Number of protein chains: 2
Amino acid sequence: MAGNLKEVAQRAGVSLATASRVLSGSPYPVSEELRERVMAVAEELDYVPNAQARALIVGSSRTVGMLVGEVGDPYFDAMINGVHRIAKEQSQLVTIVSTGRDPRRELDSFRLLQSHGASVMIVAGSGLDDPAYREGLAARIRSFSGTTVLIGRHEIDPEQRVLCVQADNLDGGRMLGEHLRALGHTRVGVVSGSSVVSSTSDRVRGLTEGLGVEPRVLEVGQTREGGYEGTRHLLDVDPDLTAIVGTADQMAIGAMAYCREQGLRVPTDLSVAGWNDIWVGRDLVPSLTTVHLPLEEMGEAALRLALAPQTAEPRAQTFPVQLVVRESTGPVRS
Amino acid sequence: MAGNLKEVAQRAGVSLATASRVLSGSPYPVSEELRERVMAVAEELDYVPNAQARALIVGSSRTVGMLVGEVGDPYFDAMINGVHRIAKEQSQLVTIVSTGRDPRRELDSFRLLQSHGASVMIVAGSGLDDPAYREGLAARIRSFSGTTVLIGRHEIDPEQRVLCVQADNLDGGRMLGEHLRALGHTRVGVVSGSSVVSSTSDRVRGLTEGLGVEPRVLEVGQTREGGYEGTRHLLDVDPDLTAIVGTADQMAIGAMAYCREQGLRVPTDLSVAGWNDIWVGRDLVPSLTTVHLPLEEMGEAALRLALAPQTAEPRAQTFPVQLVVRESTGPVRS
DNA sequence: GTGAAAGCGCTAACAT
DNA sequence: ATGTTAGCGCTTTCAC
């Protein structure tokens, strides 16, 4: 049932080498006659080449590994999409492992993918503000013979052979903060993902700058439920908050759900804003004010950069973000 | 920088075999002393085993291939999630390729993943009502030495060595149809995905049965935009429709968006329902009536079944679906 | 133009 | 308990 090259060669009455030259698209010359004979037999036997054996020799298997925090999180899903699009275009296979943002798991997974012959590694996981993590990641990158792309802010030795793709989260935070300030908000609550993740802490930092005052930050799980529960806690502690920001749209959606249940009108009683601009944001009622990140483009850029001929090209690419003002934010009720 | 087994063995002053026995977790006996020496060297060299070479010998690489219609479609994303969860649990690597529902591409991708050593293949793509496709898929499955799991209704030779996971779409359609009929709807429009996909045609068929009358079906792209445009066309052609059903929630969301823009109130002027029960459905206003499919569970079941010892166990598993009535459907305005 | 043979990194008999 | 050797399926010198 298997059918390997040797068998094809035998049945076609040619040598292993010739069969290989025909089937592997080698630029080597083979007579038309033999070529056809080999092709015919391969077809008949339904020969499927063994890419692993091939990779063993040529040293590359057209495979890219991708490390994400969580499949199912719209943030990562969008980037996965972008990566997949380029992968299809360049006939690369993508193997994704979700690390649950556990640094230990992330490092292990890097090894695993490395072991399985990935020639490009896209680390979309986190970018943790944790020295041990950073050192571990640096070590992995050093021992990796392929190209590594880091998505998000990673404080990695600039001499390191890596590519970086990131969004200007700080700027996005500022814009959102200024928007809220202009609407008169001074008592703002934030339901935030883990602040060890640098992109999250950047968001909050930017927001604080734009706002001009410290918001009340609560770290919760980066899910709809996290946003829901977090909002409840924030409002319990400080019922005078006039706005809630989620560091991811799902969380803002959770916040809005809580408001709806409590009879709080958005934005009349409370303004709500999110981050990432997931597709459904504009279909909510009220539609969601958010910071747009070009996540798909970032995913595309990640793989494209990695696959591009490694010249002294820009090794880092920062994407601008955009404030998308919709209906969920409004002036403070006087 | 590479560092292979041979190098480890040499530096540790042992034979290749011994190093292998230590590092590959073979049950073979090795003295404590040598074991430690090997481990130390491996650590120091940051030795990363070559899984491809290993796979070449043991014949399996703990890798599962997954074929989906489109990464980014909430329907597939949910199943991917389920698969990933089990994969993590069983330390399997998952390689996903999205086929855009193109039968040709799906078959090619199957080969590709097969070539790359997948030992389980999960086909979540489509299940097309197309003889050529069916035959092609059957051929691929036959030549595949691993286990194949088909998600969705696939009319495959029952003697074939495959596992099946599916949802009772027909039943879901009936329930939704009856629900609408009970509310008095007789003029119903459907924005539908491609009817060549058997799960889609099952949905429409069930719906028709439950409704007791033929709905007006329009095939569009299975996206929010498809639902939006489709609804416009349907209402242009027949302004007297009292309900719109999308064969996927995104399409229903598009329909609701169109209504909102046109000043049509849901469900007062028009009822809207969807399918799949994506998480955000309950956060819409009005919240979305839909048919719940246990997509994550189905993904989990797919991989779990494939990995289970292949006894004469149930080779097929059909999941019940559930009608989730929310606010977007209501009685026909009299 | 074609074939024989070496070897990619590793494991599994088979000795010892 | 350890080492030697023969391959896994394939590509690639190197002869012819």
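Fair warning: this is a prediction, and the values are worked out from it, not measured in the lab. A note on names: the letters A, B, ... follow the listed sequences, proteins ahead of strands, and every chain is numbered from 1. Side-chain atoms are counted along with the backbone in the values below, which use heavy atoms only and exclude waters and symmetry mates.
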**Asked** Which residues in residues 34-42 of chain A have at least one heavy atom lying under 4.0 Å from any atom of DNA chain C?
**Response** A:Leu34
Would a 4.5 Å heavy-atom cut-off, applied to side chains only, mark [X] and [Y] as touching?
X        : Y        : result
B:Met79  : B:Glu296 : no
A:Ser119 : A:Arg62  : no
A:Val94  : A:Ile96  : yes
A:Val149 : A:Val165 : yes
B:Gln222 : B:Arg101 : yes

Side-chain donor-acceptor pair under 3.5 Å between [X] and [Y], yes or no?
X        : Y        : answer
A:Gln114 : A:Ser143 : yes
A:Glu106 : A:Tyr133 : yes
A:Arg21  : A:Ser24  : no
B:Ser109 : B:Thr99  : no

**Message:** Between P on C:dT2 and CD on A:Glu32, what's the gap in Å once rounded to a whole number?
**Reply:** 10 Å
**Message:** Without decimals, in angstroms, what is the distance between B:Gln52 CD and C:dC8 C1'?
**Reply:** 11 Å
**Evaluation steps, salt bridge (Lys or Arg N to Asp or Glu O under 4.0 Å), between A:Arg111 and B:Asp46** = CA-CA 10 Å; A:Arg111 273 187 90 92; B:Asp46 190 23; 2.9 Å; yes
Please list every donor-acceptor pair under 3.5 Å in which a side-chain atom of residues 297-309 of chain A meets a protein atom from a residue at least two apart or in another chain.
unit_1, atom_1, unit_2, atom_2, d
A:Glu300, OE1, A:Arg304, NH2, 3.2
A:Glu300, OE2, A:Arg85, NH1, 2.4

**Request:** Would you work out how much the helix from C:dG1-D:dC16 to C:dT16-D:dA1 bends between its ends, with each end axis defined by five base pairs, to 10 degrees?
**Result:** 40°
**Complete:** Of all heavy-atom pairs linking B:Leu113 and B:Gly65, the shortest is CD1-CA, 3.8 Å
**Item:** Residues in contact with DNA chain D, drawn from residues 108-116 of chain A - heavy-atom cutoff 4.0 Å
**Value:** none
**Fill in**
Here the salt bridge (charged side-chain N to carboxylate O under 4.0 Å, His left out) pairs for residues 25-34 of chain B, sequence neighbours left out, are B:Glu33-B:Arg37
**Asked** How does each nucleotide of nucleotides 10-16 of chain D score, in 5' to 3' order, for protein heavy atoms under 4.0 Å: base (B), sugar-phosphate only (S), or none (-)?
**Response** BBB-B--
